[in-house]
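Everything below concerns the one structure shown next.
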There are 2 protein chains.
Amino acid sequence: MTTVNALSEVAALMGDPARASMLSLLMDGRAHTASELALTAGITAQTASGHLSRMVDGNLLAARAQGRNRFYRLASSDVAHAIESLMTIAGTRAPPASMAAAWRRDPDLRFCRTCYDHLAGQVGTAVTDALTRSGYIEPKGVRDWTLTEPGELFCKRIGVDVPGARRAGSRHFARQCLDWSERRPHISGALGAAIADTFFRRGWAEKLRRSRTVRLTDSGRRALSSHFGAAV
Amino acid sequence: MTTVNALSEVAALMGDPARASMLSLLMDGRAHTASELALTAGITAQTASGHLSRMVDGNLLAARAQGRNRFYRLASSDVAHAIESLMTIAGTRAPPASMAAAWRRDPDLRFCRTCYDHLAGQVGTAVTDALTRSGYIEPKGVRDWTLTEPGELFCKRIGVDVPGARRAGSRHFARQCLDWSERRPHISGALGAAIADTFFRRGWAEKLRRSRTVRLTDSGRRALSSHFGAAV
DNA sequence: AGGATGGTTCGATTGCCACCGAACTATTGA
DNA sequence: TCAATAGTTCGGTGGCAATCGAACCATCCT
């Protein structure tokens, strides 16, 4: 019976019109602020706040404070999957997700850049998504990642210096860093830096002078496809 | 807005404890009478009747009158899929300890069960993994499989009615269905049902009465090993 | 510092809906 | 024909939860 209650609780969380429209917006895979979500749901900020904290409690959403904003995103791809399957029987198709078109302006910096010493932008999040999807890294707590056993092997295979990253003093090993253009987390910390280093060392990417912009080379594009199963 | 409302309406239908337990019972893929459903939900017949007609209106259930009984079943495999995916995130909510306890309580269910009309659990994912590993099926898009040429031959060899599955009206041919206990995809859709049917027809597996649990027979275990190269 | 912005908490109101008792229809069986 | 069983419809009740105004906290900006 516990499982039944859990089922109805999750479904009930999605069963309120205001919460459903928030979830719909979040189906673009990005993180959105509380006020943004309140606006699209057509409710006041107070009400939205209540809904959001309930959905965080229910493990539907994950929240992250950044400055005075608070960003909410879907807690996992499982949640997205469930919403999609509900939309299927509701007779509506998943949103076209052509948000990408809006970001076409100013492509270079959004496409790939360094964030301190690790990769950010579309490439950074694509790499992170790929690692997550393959089960190489898993979210740990609110702002860290765990490198799994298969992930360790994968890193060794492509030449990421994991032992070196572990040795990096008191520095955090693998952190979730919110990407400001993609509004989703990418991997940072010592491991993120080691991954970026691999990209530069193997000629997959090169830093442009006097800029945070990073150019993905042709071999980098191939490596993304073959090693990460990601297309950008 | 329509699309959001539709989403919340469907979710709200599943979001009531009484309706959720009815849906859970119906996940065995069979039809049940109104009083049977009322009993498992722990409510009176009148209340159940209201719930049931609402779910029929909402295209979650289909009803068929037979004598003075009225049988209800899930309206489509899409509904079953949506429920499964909700169970997936509902399962992650529970801490690992209680999850393990639930599995300990019913290890058979985790081992092999029907998900609407196809195989799920360890056996379901093992079969799917084996088909993938042998190149008999390949992921197509995010939620479908392609049956390859060798796969077609293999199905013919072991007696899976592929032409029949292809003929199955507007039903999806081969879908990726996320397994809530294994947290990996297994094969569903018309082809998944045809494969399950083969298991039952050839005596490799048998349904346990009044339950979604499926027992793998000895010959089924041998078949898994010889035909699929899988051990469970 | 102090104002502006983003977000949350609290309390009170309101409307919806799950529930049951009672009465009703339909089918079966004697 | 009558009695029993399965199911539905109707009306009234009760509880829960979505909502907003108001006050409050945190952060940013000048």
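So you know, we letter chains A, B, ... as the sequences are listed, proteins then strands, and number each from 1. What's counted below: heavy atoms across the whole structure, side chains too, no hydrogens, waters or symmetry copies.
Residue A/Asp57 contributes atom CG, which lies 14 Å from atom C1' of C/dT8 at whole-angstrom precision. To the nearest angstrom, P of C/dT5 lies 16 Å from CG of A/Leu39. Following rounding to the nearest Å, A/Asp16 (CG) and C/dG15 (P) show an atom-to-atom distance of 17 Å. For B/Met22 and C/dA18, the CE to C1' distance is 11 Å, given to the nearest whole Å. Note: CE (A/Met55) to C1' (C/dT8) measures 15 Å, nearest angstrom. For the pair B/Leu52 CG and C/dA18 P, the computed distance is 13 Å after rounding to whole Å.
For the OP1/OP2 pair of C/dC20 and a distance below 4.0 Å, the side-chain nitrogens and oxygens of B/Thr44 include at least one atom meeting the criterion. Between A/Thr47 and D/dC20 there is a side-chain polar atom (N or O) within less than 4.0 angstrom of OP1 or OP2. Not one side-chain nitrogen or oxygen of A/Arg54 sits closer than 4.0 Å to the OP1 or OP2 atom of D/dA17. Distances shown here put a side-chain N or O of B/His51 below 4.0 Å from the OP1 or OP2 atom of C/dC19.
Counting non-hydrogen atoms under 4.0 angstrom, B/Tyr72 reaches the backbone sugars and phosphates but no base. Nucleic acid contact class of B/Ala34 (heavy atoms, under 4.0 Å, all strands): sugar-phosphate only.
At a cut-off of 3.5 angstrom, the base of D/dG21 holds at least one donor-acceptor pair with the side chain of A/Gln46.
Salt-bridge check for A/Arg201 with A/Asp197: passed, with a basic side-chain N closer than 4.0 Å to an acidic carboxylate O. Residues A/Arg70 and A/Glu36 are not paired through a salt bridge, judged by the lack of any N-O separation under 4.0 Å between the basic side chain and the carboxylate.
The aromatic rings of A/Phe199 and A/Phe228 are tilted relative to each other, their planes meeting at an angle between 30° and 60°.
Taking every side-chain heavy atom of B/Ile43 into account, C/dC20 is the closest of D/dA6, D/dC20, C/dC20. Relative to the side chain of A/Arg70, the nucleotides C/dA18, C/dG7, D/dT8 differ in distance, and C/dG7 lies closest. Distance from the side chain of A/Arg68 is smallest for D/dC28 among the nucleotides D/dC28, D/dG21, D/dT8. For B/Ser35, whose side chain is taken as the heavy atoms from C-beta onward, the closest listed nucleotide among D/dG7, C/dG7, C/dA18 is D/dG7.
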| request: Show your reasoning for whether salt bridge (charged side-chain N to carboxylate O under 4.0 Å, His left out) applies to B/Arg54 and B/Glu9. | output: CA-CA 11 Å; B/Arg54 281 190 61 186; B/Glu9 278 166 25; over 6 Å; no
| request: Kindly determine whether A/Thr44 and A/Thr47 satisfy side-chain hydrogen bond (donor to acceptor under 3.5 Å, both in side chains), including the steps that lead there. | output: CA-CA 5 Å; A/Thr44 60; A/Thr47 307; 3.1 Å; yes
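Both A/Asn69 and A/Ser53 sit near DNA chain C, but only A/Asn69 has its closest nucleotide nearer the 5' end.
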